Amino acid sequence: MIRTQVLGIGSYVPDRVVTNEEIPFLDQHHVRQETQQTETNDAWIQQRTGIRERRYVPNDGTVGTSDLALQAAQRALADAGVAARDVDCIIFATLSPDIHFPGSAVFLQDKLGIAGDGKGSSCACFDIRQQCSGFVYGLQMADAFIKAGMYKRVLLVGAEVHSHSLDFSTRGRDVMVLFGDGAGAMVLGPQDTDDARAGVLYTDCRADGSGAWNLYLKLYDIKKAPYVYYNALDRAQNLDSHPQMDGKRVFLHAVRNMVLSAQKALADSGLTWNDITWFVPHQANLRINEKVVEVAGIPADKVLNTIQFYGNTTAATVPLTIDYWKQQGKVKKGDRVLATVFGAGFTWGSAIFQV
Ligand code: UT7
């Protein structure tokens, strides 16, 4: 039986560390100022979110989402022992694409040096838009493609540059303190095995569009001409160029759906927590994850988090967290992960797979 196997994993975060102490002093270009720009503080951020610091790309206009993705992809390919030219499909999950179109997967393909092989047969490129749930949605796609025999080497990437869209002011502080930049990637391929628990064992993806306006970044309105209808440099007008969130509603839906999704994953697959080595929840807020773990009765020593030092990197959180703890020697090849995610849309889902 053909099953999907995780062949390799990699991640990348930019060098710049932005601590909770520094964040109140950053201006709209995230340059540190002498005077406080935002009314926030380390105690509030840590108590409400668990976050201590996050990473930002430079603000000199040189680094986009596909650049972070490239670093993570190259590490995943090296881990898998797969040459970039052997990738026959790229799935790129992001809410912060390099530009409006084309999607970021083709930019990544070009940066990997595998665009246009001259014979008209270079790899397929997909962009998907499920925000914090993007990686699990992408994993379901990759799994289906591979089991169907459509592709043999799928590069799945989640990458984000948040720092350039955040509102560095008291007006935007509820969202601004949460997010960081980063990328994670996996290389997936087929294996022929009789082991029904091998590789990617389970994926389930859900959505509730009635929550779409509870967490969004509007940026433009295609119904209007011109469809960008404000001066983005004018703070009185530019609310739509920053993410907006009804934090309490998102929090409640995140806890509820992540609990139900994780429990459903075990029930549907006939597994117990004894069969799962690690629970990897999406990294939006440590309090959300602690509540999910408490309500779902998840063994605390199986939970992996990175939000304390990377913040919320949206589509990148799952591979970034697995790879971080793999680098620390905690996660080992063959360990079975249950990843559960929730994000804008609302979207959510779970996946069970061996790393
Ligand atoms: O990845 C996608 C999913 N995203 C999430 O899951 C995020 C879900 N939501 C959350 O994590 C939380 O709702 C937040 C961390 C965003 C906010 O925490 P909260 O406990 O829900 O706080 P709140 O929004 O009720 O705000 C409480 C107070 C307010 O002041 P008043 O009205 O009580 O005077 C806010 O204005 O805290 C204030 N506040 C802040 N104070 C200092 C909001 N943000 C900040 C801040 N620093 N950064």
Side-chain angles (χ1 to χ4, degrees), residues 18-26 30 36-54 93-96 129-137 158-163 165-182 184 206-209 211-217 242-262 280-293 295 305-308 310-318 320-321 339-349:
V18 176
T19 63
N20 289 350
E21 282 80 13
E22 186 178 20
I23 215 163
F25 292 91
L26 300 183
H30 45 87
Q36 192 165 336
Q37 310 287 301
T38 300
E39 287 170 37
T40 189
N41 57 74
D42 175 52
W44 191 97
I45 301 170
Q46 284 216 49
Q47 194 212 342
R48 304 285 178 129
T49 73
I51 297 168
R52 296 195 301 266
E53 58 191 43
R54 70 290 288 146
T94 186
L95 65 70
S96 49
R129 301 285 305 274
Q130 282 72 29
Q131 299 66 244
C132 304
S133 306
F135 207 83
V136 165
Y137 266 72
E160 306 287 358
V161 172
H162 285 300
S163 52
S165 70
L166 300 173
D167 186 349
F168 289 91
S169 73
T170 303
R171 180 181 77 175
R173 64 183 178 177
D174 56 329
V175 176
M176 179 264 281
V177 298
L178 304 177
F179 290 95
D181 304 337
R206 304 280 156 173
D208 172 6
W213 292 110
N214 293 135
L215 176 52
Y216 66 94
L217 170 50
H242 302 297
Q244 306 299 319
M245 177 170 71
D246 178 347
K248 285 214 183 309
R249 187 146 200 267
V250 175
F251 192 107
L252 291 173
H253 280 261
V255 171
R256 180 181 150 76
N257 286 302
M258 288 174 76
V259 166
L260 292 174
S261 182
V280 180
H282 170 53
Q283 305 290 304
N285 183 326
L286 195 62
R287 281 167 55 224
I288 293 179
N289 294 353
E290 286 169 354
K291 200 74 194 161
V292 169
V293 166
V295 177
N305 287 306
T306 49
I307 185 155
Q308 299 93 328
Y310 290 154
N312 182 352
T313 58
T314 318
T317 62
V318 169
L320 190 53
T321 299
T340 299
V341 293
F342 180 89
F346 297 134
T347 54
W348 64 93

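Keep in mind the model is a prediction, meaning the values are calculated, not measured. Hydrogens, waters and symmetry mates are skipped; everything else that's a heavy atom, side chains included, is used. Ligands are counted one by one from 1 in listed order, and the atoms in each one are counted from 1 as well.
- With ligand atoms numbered from 1 in the order given, ligand 1 contributes 15 (C) to contacts under 4.0 Å with heavy atoms of Thr49.
- Annotation: Arg256, atom CZ; neighbour count of heavy atoms from other residues, nucleotides and ligands within 6.0 Å does not exceed 12.
- For atom 22 (O) of ligand 1, a protein heavy-atom neighbour is present inside the 4.0 Å cut-off.
- Scanning all protein heavy atoms for the shortest distance to atom 7 (C) of ligand 1 gives Met245 SD, 3.7 Å.
- Taking a distance limit of 4.0 Å, we find that atom 31 (P) of ligand 1 is approached by no protein heavy atom.
- Contact annotation: for Ile45 versus ligand 1, there are no heavy atoms closer than 4.0 Å.
- Heavy atoms of Val175 stay at 4.0 angstrom or farther from ligand 1.
- Val250 pairs with exactly one of Leu215, Ile288, Asn285 by the side chain to side chain contact (heavy atoms under 4.5 Å, CB included) rule, that one being Leu215.
- Residue Lys248 has at least one N or O atom closer than 3.5 Å to an N or O atom of ligand 1.
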Verdict with reasoning, Leu286 to Gln46, per side-chain contact (heavy atoms from CB on, under 4.5 Å): CA-CA 9 Å; Leu286 195 62; Gln46 284 216 49; over 6 Å; no
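- Given atom 10 (C) of ligand 1, the protein heavy atom at minimum distance is Asn285 ND2, 3.7 Å.
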Where do Thr49 and Leu178 land on the side-chain contact (heavy atoms from CB on, under 4.5 Å) test, with the steps shown first? CA-CA 8 Å; Thr49 73; Leu178 304 177; 3.5 Å; yes
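- Between Tyr216 and Trp213, the ring planes lie perpendicular to each other; the angle is over 60°, past the 30° to 60° tilted range.
- Distance remark: protein heavy atom not present below 4.0 angstrom from atom 14 (C) of ligand 1.
- With hydrogens and angles disregarded, a donor-acceptor distance shorter than 3.5 Å links the side chain of Asn20 to the backbone of Ile51.
- Ring geometry, Phe168 versus His30: the interplanar angle falls from 30° to 60°, so the pair is classed tilted.
- A side chain to side chain contact (heavy atoms under 4.5 Å, CB included) with Arg54 holds for exactly one of Ile307, Asn312, Ile23, Thr19; it is Ile23.
- Going from atom OG of Ser261 over to atom NE2 of His282 covers 13.0 Å, rounded to the nearest 0.5 Å.
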From CA spacing to verdict: side-chain hydrogen bond (donor to acceptor under 3.5 Å, both in side chains), Thr94, Glu160: CA-CA 6 Å; Thr94 186; Glu160 306 287 358; 3.0 Å; yes
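- With respect to atom 35 (C) of ligand 1, the closest heavy atom belonging to the protein is Arg173 NH2, 3.8 Å.
- Under the 4.0 angstrom criterion for non-hydrogen atoms, Val177 is in contact with ligand 1.
- Ligand 1 is approached by His282 to a heavy-atom distance shorter than 4.0 Å.
- For ligand 1 and Leu215, the ligand atoms under 4.0 Å from any heavy atom of the residue are 2 (C), 3 (C).
- Here the CG-CD distance, from Asp167 to Gln244, works out to 7.5 Å after rounding to the nearest 0.5 Å.
- The protein non-hydrogen atom at the shortest distance from atom 3 (C) of ligand 1 is Val250 CG1, 3.6 Å.
- Counting only heavy atoms, the protein gets under 4.0 Å from atom 27 (C) of ligand 1.
- The contact set between ligand 1 and Arg48, taken as ligand atoms under 4.0 Å from a residue heavy atom, comprises 19 (P), 20 (O), 22 (O), 27 (C).
- Under a 3.5 Å cut-off, the side chain of Gln36 and the backbone N or O of Pro24 do not form any donor-acceptor pair.
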Pair Trp44-Glu39, side-chain contact (heavy atoms from CB on, under 4.5 Å): steps then yes or no: CA-CA 10 Å; Trp44 191 97; Glu39 287 170 37; over 6 Å; no
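- The shortest contact between atom 18 (O) of ligand 1 and any protein heavy atom is with Trp44 CH2, 4.0 Å.
- Remark: minimum distance from atom 1 (O) of ligand 1 to any protein heavy atom is reached at Asn312 ND2, 2.7 Å.
- Met176 does not count as a contact of ligand 1, since none of its heavy atoms falls under 4.0 Å from the ligand.
- Taking atom 2 (C) of ligand 1 as the reference point, the nearest protein heavy-atom neighbour is Cys132 SG, 3.3 Å.
- The shortest contact between atom 9 (N) of ligand 1 and any protein heavy atom is with Gly247 O, 3.1 Å.
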